Visitor: 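Quick one: the structure is below, and I'll ask about it shortly.
Quantities reported herein were computed from a predicted structural model and do not represent experimental measurements. Whatever order the structure lists them in is the order used to number ligands and atoms, beginning at 1.
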Amino acid sequence: MKEKVLVTGGAGYIGSHTIIQLLMSNYEVVVIDNLSNSKEASLKRVEEITGKSVKFYKVDLLDSEKVDEIFTIEKIDSVIHFAGLKAVGESVEIPLKYYHNNLTSTLVLCEAMQKHNVKNLVFSSSATVYGDPAAVPITEDFPLSATNPYGRSKLVIEEILNDLYISDNSLNIAILRYFNPVGAHKSGMIGEDPNGIPNNLAPYIAQVAICKRDALKVFGNDYNTHDGTGVRDYIHVTDLADGHLRALEKLNEKPGYVVYNLGTGCGYSVLDVVKAFEKASGKTIPYQLVDRRAGDIATCYANASKAEKELGWKATRGIDEMCEDTWRWQKMNPNGFE
Ligand code: NAD
Ligand code: UD1
């Protein structure tokens, strides 16, 4: 029998890429998404790419009755929980919405899992839980902190899941702390489709390259880094997706509560990414140096050796491939999934 995986937030950016890898590895996939930050078209494209079907429920995870019903209909073996709101700036403006959505949806999901005896959960956390790290590369045992409501929601969920595990040792929970996901599926058929003006670097650069935006604003060139601009650990979304498959396999070994960094271990500055994108696209990316963005840190990259040792997972795609794949998606879909 095929293992059946419930993917919450599966119509979104990372979820849709992960579903491709799941389907290609012969998992059966059920998706719950309220489409608050995504379009059903992404799942149609996933079906086109893989030639396999996805069972989709357009349901809000806050709706506990519907979620319970889905667990009754589908015999779920494992859950990957991507659903959540993720815009840092917006979380500062409307914190209650972020706490309500991200925390309550997780509680509803965990209650349904408990009731239906589903033991395996993979949770999307973020490198944001390391706050402003005292050193790099960052290992999983670094102190945790949050600087905004989005980050705090991730931190609190990690703690809730740990409490849950303490109360029931038969659970298996993998917390995956992603660094900076970028790139798109090789086909160019799915990718990141942000609403409005992108907050994040890669989609912003891609929209400059396609002349939707005039110039990139580089937030700060006075950081203590090799060229003064912020350094991050960009990871290809397909590598990230593969990390979820390895985590699911790990859960079948009944490891209990486990935490992994998913990053490449390499740091690239904003200007390094601009150069790589120019090479990939053959376009010039005009940019202006402006003040630092509030809340940004100088440098953040992972030590991902725990995931390599325990999951047998390692990112294999470099910055050039990340930019080439982002560009292919942007060029083929100038207006995203519209
Ligand atoms: P995304 O917005 O593309 O996907 C999230 C999906 O969740 C969306 O399709 C949205 O419609 C859905 N959703 C939100 N609230 C829901 C609810 N109450 N009920 C049902 N569906 C709901 O985001 P993404 O980039 O794919 O991120 C996936 C997860 O990874 C998120 O939890 C995010 O916080 C986390 N994460 C993302 C990044 C990143 O840079 N993309 C980095 C670290 C962690
Ligand atoms: C952002 C989130 C973080 C989340 C992470 C993972 C913020 C403040 N933080 O981190 O919580 O976990 O994504 O995806 O949003 N930059 C520019 N110009 C731009 C956009 C970005 O110079 O228009 C710079 C930033 O200053 C930073 C780098 O590019 O140095 C990456 O920025 P971004 O893509 O927003 O990711 P993070 O800030 O690392």
Visitor: If the contact criterion is a heavy-atom separation under 4.0 Å, does Ser125 count as touching ligand 1?
Guide: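 True for this residue.
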Visitor: Below 3.5 angstrom, do we get any N/O pair linking Tyr204 and ligand 2?
Guide: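 The answer is no, given that Tyr204 and ligand 2 share no N or O pair closer than 3.5 Å.
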Visitor: Compare Val273, Val290, Asn199 and give the one whose heavy atom is closest to atom 20 (C) of ligand 2.
Guide: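 The nearest heavy atom belongs to Asn199.
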Visitor: Quickly, which of Pro181, Pro203, Pro194 forms a side chain to side chain contact (heavy atoms under 4.5 Å, CB included) with Tyr13? Name it, please.
Guide: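 Single pass found, and it is Pro181.
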Visitor: Specify the protein heavy atom at minimum distance from atom 5 (C) of ligand 2: its residue, its atom name, and the distance to 0.1 Å.
Guide: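 Of the protein heavy atoms, Asn180 ND2, 4.3 Å lies nearest.
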Visitor: In terms of atom number and element, which parts of ligand 1 are under 4.0 angstrom from non-hydrogen atoms of Leu35?
Guide: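 The list of qualifying atoms is 11 (O).
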Visitor: Based purely on interatomic distance, does Leu85 place a nitrogen or oxygen under 3.5 Å from a nitrogen or oxygen of ligand 1?
Guide: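 No: no nitrogen or oxygen of Leu85 is under 3.5 Å from one in ligand 1.
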Visitor: May I ask you to check if ligand 2 and Phe219 share an N or O to N or O distance below 3.5 Å?
Guide: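 In this structure, Phe219 places an N or O atom under 3.5 Å from an N or O of ligand 2.
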Visitor: Given Ile235, Val88, Ile197, which has its nearest heavy atom closest to atom 15 (O) of ligand 2?
Guide: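 Of the listed residues, Val88 has the closest heavy atom.
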Visitor: Using a strict cut-off of 4.0 Å, indicate which atoms of ligand 1 neighbour a heavy atom of Ser36.
Guide: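 Answer for ligand 1: 10 (C), 11 (O), 13 (N), 14 (C), 15 (N).
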Visitor: Given that the side chain starts at C-beta and the backbone is N, CA, C, O, which of these parts of Arg293 lies under 4.0 Å from ligand 2, counting heavy atoms, or is it both or neither?
Guide: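 Answer for Arg293: side chain.
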Visitor: Out of Arg177, Arg232, Lys86, Lys154, whose heavy atom is nearest to atom 27 (C) of ligand 2?
Guide: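 The residue whose heavy atom sits nearest atom 27 (C) of ligand 2 is Arg232.
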Visitor: Using a 3.5 Å distance criterion without hydrogens, assess whether the side chain of Ser91 forms a donor-acceptor pair with backbone atoms of Tyr150.
Guide: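 Yes.
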Visitor: If you measure every N or O of Lys86 against every N or O of ligand 1, does any of those distances drop under 3.5 Å?
Guide: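 The answer is yes, given that Lys86 and ligand 1 share an N or O pair closer than 3.5 Å.
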Visitor: Between ligand 1 and Ala83, is the shortest N or O to N or O distance under 3.5 Å?
Guide: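 No, since none of the N or O atoms of Ala83 sits under 3.5 Å from an N or O of ligand 1.
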Visitor: Less than 4.5 Å apart, side chain to side chain, heavy atoms only: is that true for Tyr57 and Asp33?
Guide: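 When only atoms from C-beta onward are counted, Asp33 and Tyr57 do not touch, as no gap falls below 4.5 Å.
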Visitor: Heavy atoms only: which of Tyr150, Phe123, Tyr13 is nearest to atom 34 (O) of ligand 1?
Guide: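 It is Tyr150 whose heavy atom sits nearest to atom 34 (O) of ligand 1.
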Visitor: Heavy atom of Val59 under 4.0 Å from ligand 1?
Guide: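 It does; at least one heavy atom falls under 4.0 Å.
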Visitor: Find all atoms of ligand 1 within a distance of less than 4.0 Å from any non-hydrogen atom belonging to Asn101, and give their numbers and elements.
Guide: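 Atoms satisfying the 4.0 Å criterion: 15 (N), 17 (C), 18 (N).
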Visitor: Going by the order shown, which atoms of ligand 1 are within less than 4.0 Å of some heavy atom of Leu61?
Guide: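 Going through ligand 1 atom by atom, the ones under 4.0 Å from Leu61 are 17 (C), 18 (N), 19 (N), 20 (C).
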Visitor: With a cut-off of 4.0 Å, which atoms of ligand 2 are near a heavy atom of Thr128?
Guide: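 In order of numbering, the contacting atoms are 11 (O), 12 (O).
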Visitor: Asp33 to ligand 1: N or O pair under 3.5 Å?
Guide: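 N/O-N/O distance under 3.5 Å: yes.
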Visitor: Work out which heavy atom in Asn200 is nearest to a heavy atom in Glu192; give both atom names and the distance.
Guide: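 So the two residues come closest at OD1-OE2, 4.4 Å.
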Visitor: Where on Tyr13 is there a heavy atom closer than 4.0 Å to ligand 2, on the side chain, on the backbone, on both, or on neither?
Guide: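 Tyr13 to ligand 2: no contact under 4.0 Å from either part.
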Visitor: Answer yes or no for Tyr178: is there a heavy-atom contact with ligand 2 below 4.0 Å?
Guide: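 No heavy atom of Tyr178 comes that close to ligand 2.
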Visitor: N/O to N/O below 3.5 Å, does that happen between Leu216 and ligand 2?
Guide: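 No, Leu216 has no N/O under 3.5 Å of an N/O on ligand 2.
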Visitor: Does Ile32 reach ligand 1 with a nitrogen or oxygen that is under 3.5 Å from one of the ligand's nitrogen or oxygen atoms?
Guide: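 Not met; the criterion fails.
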Visitor: For ligand 1, is there an N or O atom under 3.5 Å from any N or O atom of Asn37?
Guide: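 Yes: some nitrogen or oxygen of Asn37 is under 3.5 Å from one in ligand 1.
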Visitor: Tell me whether ligand 1 is touched by Lys154 - counting only heavy atoms on the residue side and a distance under 4.0 Å.
Guide: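 Judged by the 4.0 Å heavy-atom criterion, Lys154 does count as contacting ligand 1.
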Visitor: Between Tyr150 and ligand 2, does any nitrogen or oxygen pair lie at a separation below 3.5 Å?
Guide: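 No.
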Visitor: At a 4.0 Å cut-off, with the gap strictly under it, does some heavy atom of Pro198 reach an atom of ligand 2?
Guide: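 So Pro198 does not count as touching ligand 2.
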Visitor: Out of curiosity, is Tyr268 lining ligand 2, as in a heavy atom under 4.0 Å away?
Guide: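 Contact absent.
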